[in-house]
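To start, the structure under review is shown below, and the notes come after it.
Note: hydrogens, waters and symmetry copies are ignored here, and every other heavy atom, side chains too, is used. All residue numbers in this chain count up from 1 along the given sequence. The shown structure was predicted, so the numbers you read here are calculated from the model rather than taken from an experiment.
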Amino acid sequence: MKLLALMFGAWCSMGFAQTQQPVRVVIVGLEHGHVSGFLHAFPEQHDVELVGIVDADAALRAKYEQESHLDHALFFSRLEDAIAAAHPKALLVYTPIGEHRKVIEAAAAQGLDVMVEKPLTLSLDDALAIRKAARENHVQVLVNYETTWYSSNRAVYDMVAQGKLGDLRKVVVHDGHQGPEEINVEPEFLKWLTDPAENGAGALYDFGCYGADLMTWLMHGEVPLSVTAVAQTDKPEKYPRVDDDATIVLGYPHMQAVLMPSWNWPFARKDMEVYGTKGYANAVNPTQVRTRFSEQAPDETSTAPVLASPEDTSLHYLAAVVRGELKPQGDLTALDTNVVVMQILDAARESARTRKTVELKPLPQ
C-alpha cells in the first residue's frame, strides 16, 4: 500500500507539472544574434509561451517574421503596446547591452520579471540602479549566459564545494572566438558589438563577463580585492573603436583568477581551469571534465552528470523563477551575482584605460 501511495503521489506530481500553463513572455529587441536560436527553440519546449516580439525597426521585424514563420500579430514596435495587448509575465531581452537598464526599469514598473542576455548592463552605476528597481518593484532580474547550462561547470563547482580540490589557488577562464566579423554575425549585431556606447567595450565585456560570472559563483559572491586588466586591439582595421583582446587578473585573499576574453582565438572556446592544493579540474567543453589529483597519476576525462531541471536550460529556469518555484540567489543567473560581475567589468575597463590596478570593496547591500 505504501508503494502504491508513493507511485500515486509521483503520478499526481507529474500530471500537475505537465498541466501547468506555460509562462507568457515577450521578446524585446531583435538586434542580438542569439535571438534567432531562441525563436527556433520555442516550438520544441513547453515552459514558456511567446506572446509578443518588440522592436522599433520594421525591417528587422519583417526579417524574423519571415525567417521564423511567425504570426504577424506577434510583432509590436513599442513595448507598452505589447504589454497592454499580450499581458506577459516576463520579458526576454535581446537589445544592445546599452538598452538593458531602460528596458528593465520599464518592466519593473509593470511588475514583470526579466531575463537579459549577458552581461547585465554597461556599468556598476547601471547595475545598482537595476537592483534598486528590482527591489522596489519586487521583480526578478536574471542574466542568461551560455555557460550557465554547461554540466561541466556544475561538476567542477561541486568538486570545489566538496573539498576534492583542496583550497583554491588559481582559476583560468578562456572565452571567445575568432571575432564577430570573422564568424559573420548579423549586421545589426555587429553594429552594436563594436560600439563602446552600446556594448561597454569589445571582447573585454563581450567575453570577460563569462569568467567574472563563474568566479563570483565559485567565490560565493565575494568581491575581489583588486582588478588588473590589459586590453588591446590587434585588428584595428576591423575593430577601430573597441578592444579585441584582453586579460583580467582578479586578486582574492590566497588566490588569483585570470580571465582571458578574446576575439582573436583560432576557434571558439569557453573553458575553465580550476587549480587547488589537492589537484585540478578543467571544464574542457560543455559536458566533459578533465581532472588530476596526483603528480604520478595521469589526467582523467569524464562526462559530467546531466543537469537537473529546472536548472538545465534558461527557459526551464525562467519559468521556475516566475512561478515562485526557484529563488535565484548566489547562482550564475542571479542579480546579486551579476551586480558583482558588473563591479569587476567596470573596474577592468578602468584598469585597462589607466594601466593601473583598481582596488575594490564589497558593495553596500
For His40 against Glu67, the heavy-atom pair lying closest together: CE1-O, 4.4 Å
Donor-acceptor contact below 3.5 Å, side chain Thr216 vs main chain Gly221: no
More than 12 heavy atoms of other groups within 6.0 Å of Gln162 CD: yes
Residues Glu117 and Asn144: side-chain donor-acceptor under 3.5 angstrom: yes
For the student: nearest non-hydrogen atoms of Gln140 and Asp113, plus distance: N-OD1, 2.8 Å
Working for side chain to side chain donor-acceptor pair (under 3.5 Å), residues Tyr239 and Asp245: CA-CA 11 Å; Tyr239 308 114; Asp245 192 81; over 6 Å; no
Test salt bridge (charged side-chain N to carboxylate O under 4.0 Å, His left out) applied to Lys238 and Glu182, step by step: CA-CA 9 Å; Lys238 293 183 178 179; Glu182 286 85 346; 3.2 Å; yes
Inter-residue atom distance Trp263.CH2 - Ile183.CD1, 0.5 Å rounding: 10.0 Å
Distance in Å, Gln20 CD paired with Asp47 CG, rounded so as to fall on 0.5 Å steps: 9.0 Å
Sole candidate of Asp213, Asn338, Asp206 that passes side-chain hydrogen bond (donor to acceptor under 3.5 Å, both in side chains) when paired with Lys118: Asp206
Pair His177 and Phe207, ring centroids less than 6.0 Å apart: yes
Heavy-atom pair of closest approach, residues Asp346 and Leu124: OD2-N, 2.7 Å
Gln256, CD atom: more than 12 neighbouring heavy atoms under 6.0 Å: no
Lys191/Glu198 salt bridge by N-O under 4.0 Å criterion: no
Rounded distance (nearest 0.5 Å) linking atom OG1 of Thr354 with atom CZ of Arg349: 12.0 Å
Heavy-atom closest contact (Val141 atom, Leu120 atom, distance): CG1-CD1, 4.0 Å
Exercise: identify the closest heavy-atom pair between Asn153 and Thr147: ND2-O, 3.1 Å
Between Asp331 and Tyr317: side-chain donor-acceptor atoms closer than 3.5 Å: yes
Lys278 NZ/CZ over Phe293 ring centroid, <6.0 Å and within 45° of normal: no
Glu237 CD: over 12 foreign heavy atoms closer than 6.0 Å: yes
Reported CD1-to-CG distance for the pair Ile27 and Leu91, which is rounded to 0.5 angstrom: 10.5 Å
Atom NE2 of His46 with >12 non-hydrogen neighbours under 6.0 angstrom: no
Contact summary for Cys209 and Tyr145, nearest pair of heavy atoms: O-CE2, 3.6 Å
Gap separating the OH atom of Tyr94 from the OG atom of Ser36, nearest 0.5 angstrom: 10.5 Å
Side-chain ion pair, Lys270 and Glu146, N-O less than 4.0 Å: yes
Cationic N near anionic O, under 4.0 Å, Arg61 to Glu65: no
Ring center gap for Tyr64 and Phe75 short of 6.0 angstrom: no
SB check Lys63 Glu188 (cutoff 4.0 Å): yes
Residues Lys235 and Asp244 bridged, charged N to O under 4.0 Å: no
Spacing of CG belonging to Leu315 relative to CE belonging to Met115, to within rounding of 0.5 Å: 7.5 Å
More than 12 heavy atoms of other groups within 6.0 Å of Glu359 CD: no
